[in-house]
Amino acid sequence: VEHGQQLELELERSCALTIDGLAATLAVERVDDQLVVVSERPSGIDLRELGGGAALSLDTFLPIARRTTEILVDLHQHQLVHGDIWPGSVIINRDDGDVSLGPVLSSTQLELDLDDVDRLPYISPEHTGRTSAGLDHRSDLYSLGATFYRLLTGTPPFTARQASALIHAHLSERPDPPSERVPQLPVPLSRLIMKLLAKSPARRYPSAAVLLDDLDRLKRSLDAKQADITLAGDEPSERARGSATALALREELEFLVGDAKPRLMLISVPPVGDDATLADTLESQILARHGQLGRGQFEAQRRGVPLLGW
């Protein structure tokens, strides 16, 4: 299928999508050699305008966070990535406070625009195109975490003004936990947001549904005035839980990253298992330092073919 035809199919699929709270793609029309997309614009103000750009109170933030996550749960069930989660795409109705999310982007619209300084602070590391990770639903979760960060602290996680500096930050810098910027924020909520902002998709929440459960658990604990609770996001996933071998390798990787000398290292891991995330963990740090990373995978049944994995 040619690219233009594929794009048209994607947009037609969006037109057929009906999700409560998600702005609809109303029509796709071809004008000469261009596709014109007509999308719904929910009435209200976006999150950039809410509160005059200042940090929101927990009472204002939590219902917005829950409803936005709920919309993503419904969207991801259709195996679609939204691709445009940022404060400007979340709309609050002035009359009833209802939350709406802007329309889903097509694959062409997902291409990175370095001139879009409004959206760059909210894109995921894999959305930069500088990693080998594919763009899936966990990219939306990173962008949602950056949006939550902005709502609770008044600024996005990274505030550089140049596109290159923002991309570098998404790839390799760790933002201050929200509770360090705003000490009165509950520490479990701060941990939840930092989980969403993990560099590797494997270390984020596995789904919006699990995130939604944690938001509900957090709200109940706050209502009960519990000082601290354990969230599902605090528990390491199967892929992120390190074996003894993985721990030893991580220690070696920390040593190598902290050393300014050029090095060549070979990491050999099983094709499936905890250790497979080590290369993902190291990748963003290598790229941020203008290094090079080669990856290959060999099939157990075809060991006799030299260099097959590359």
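Computed from a prediction, not measured in an experiment: that's the story for all the values here.
Taking a cutoff of 4.0 Å between a charged side-chain nitrogen and a carboxylate oxygen, Asp216 and Lys219 do not qualify as a salt bridge. Between Arg191 and Glu180 no salt bridge is recorded (no basic side-chain N to carboxylate O distance below 4.0 Å). No salt bridge links Asp113 with Arg119; every basic N to acidic carboxylate O contact stays at or beyond 4.0 Å.
His82 contributes a side-chain N or O that, together with a main-chain N or O of Gly102, makes up a donor-acceptor pair within less than 3.5 Å. In this structure, the side chain of Arg204 does not engage the main chain of Lys195 through any donor-acceptor pair within 3.5 Å. Side chain of His137 to backbone of Val73: no donor-acceptor contact under 3.5 angstrom is found. Side-chain atoms of Thr69 come within 3.5 Å of backbone N or O of Ala65 as a donor-acceptor pair. For the pair Lys199 (side chain) and His170 (backbone), a donor-acceptor distance under 3.5 Å is present. Side chain of Thr128 to backbone of Pro125: a donor-acceptor contact under 3.5 angstrom is found. No donor-acceptor pair closer than 3.5 Å links the side chain of Ser139 to the backbone N or O of Asp136.
In terms of heavy atoms, Asp176 sits closest to Met194 at O-SD, 4.3 Å. In terms of heavy atoms, Glu126 sits closest to Gly134 at CG-O, 3.9 Å. Closest non-hydrogen pair, Ser190 versus Pro178, comes out as OG-CD, 3.1 Å. Across all their heavy atoms, Thr153 and Thr155 have their closest contact at OG1-O, 2.8 Å. Contact record, Gly83 with Asp140: N-OD1, 2.9 Å, taken as the closest heavy-atom pair. Between Ala232 and Val210, the shortest heavy-atom distance links the atoms CB-CG1, 4.1 Å.
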Any chance you could lay out the side-chain contact (heavy atoms from CB on, under 4.5 Å) test for Leu231 and Asp213, step after step, and finish with the verdict? CA-CA 9 Å; Leu231 301 174; Asp213 287 343; over 6 Å; no
Checking side-chain contact (heavy atoms from CB on, under 4.5 Å) for the pair Val99/Arg66: CA distance, chi angles, key distance, verdict? CA-CA 10 Å; Val99 178; Arg66 190 190 189 285; over 6 Å; no
The test is side-chain contact (heavy atoms from CB on, under 4.5 Å); show your working for Tyr122 and Arg150 and say whether it passes. CA-CA 9 Å; Tyr122 303 95; Arg150 155 65 180 79; 3.5 Å; yes
side-chain contact (heavy atoms from CB on, under 4.5 Å) between Tyr142 and Ile123, worked out: CA-CA 7 Å; Tyr142 182 97; Ile123 63 170; over 6 Å; no
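Put simply, CH2 on Trp86 and CG on Asp116 are 6.5 Å apart, with the number rounded to the nearest 0.5 Å. Expressed to the nearest 0.5 Å, how far CG of Asp74 lies from CG of Leu80 amounts to 12.0 Å. Distance check: Ser124 OG to Leu144 CG gives 12.5 Å after rounding to the nearest 0.5 Å. Here Arg67 contributes atom CZ and Ile92 contributes atom CD1; the two are 10.5 Å apart, rounded to the nearest 0.5 Å. Interatomic distance, CD of Gln77 versus CG of Leu72, reported as 11.0 Å (0.5 Å rounding). Separation of atoms CD1 (Ile91) and CG (Leu47) is listed at 7.5 Å; rounding is to 0.5 Å.
Within the 4.5 Å cutoff, no side-chain heavy atoms of Asn93 are placed close to those of Pro42. Looking only at side-chain heavy atoms (C-beta outward), Asp46 and Pro87 stay at 4.5 Å or farther from each other. Contact annotation: the side chain of Leu114 approaches that of Ile167 to within less than 4.5 Å [non-hydrogen atoms, C-beta and beyond]. Within the 4.5 Å cutoff, no side-chain heavy atoms of Ser100 are placed close to those of Leu22. Leu151 places none of its side-chain heavy atoms less than 4.5 Å from the side chain of Thr60. Leu211 has its side chain within reach of Leu192: a pair of non-hydrogen atoms, C-beta onward, lies under 4.5 Å apart.
Taking hydrophobic clusters as Ile, Leu, Val, Met, Phe, Trp and Tyr residues chained together by side-chain heavy-atom distances below 4.5 Å, Ile71 shares a cluster with Ile45. Leu212 and Leu222 sit in two unconnected hydrophobic clusters of ILVMFWY residues. Membership requires side-chain heavy atoms under 4.5 Å apart, directly or through other members. The hydrophobic clustering, which links ILVMFWY residues whose side-chain heavy atoms are closer than 4.5 Å, places Ile19 and Ile64 together.
Ring pair Phe148/Phe61: centre-to-centre distance below 6.0 Å. Between His168 and Phe158, the distance from one ring center to the other does not fall under 6.0 angstrom.
Applying side-chain contact (heavy atoms from CB on, under 4.5 Å) to Leu152 and the options Leu56, Leu185, Thr147, Val182 leaves one that passes, Leu185.
Side chain to side chain, Tyr149 and Arg181 meet the donor-acceptor criterion of an N or O pair below 3.5 Å.
Annotation for Gln162: atom CD does not count as buried by contact number, only 12 or fewer foreign heavy atoms lying within 6.0 Å.
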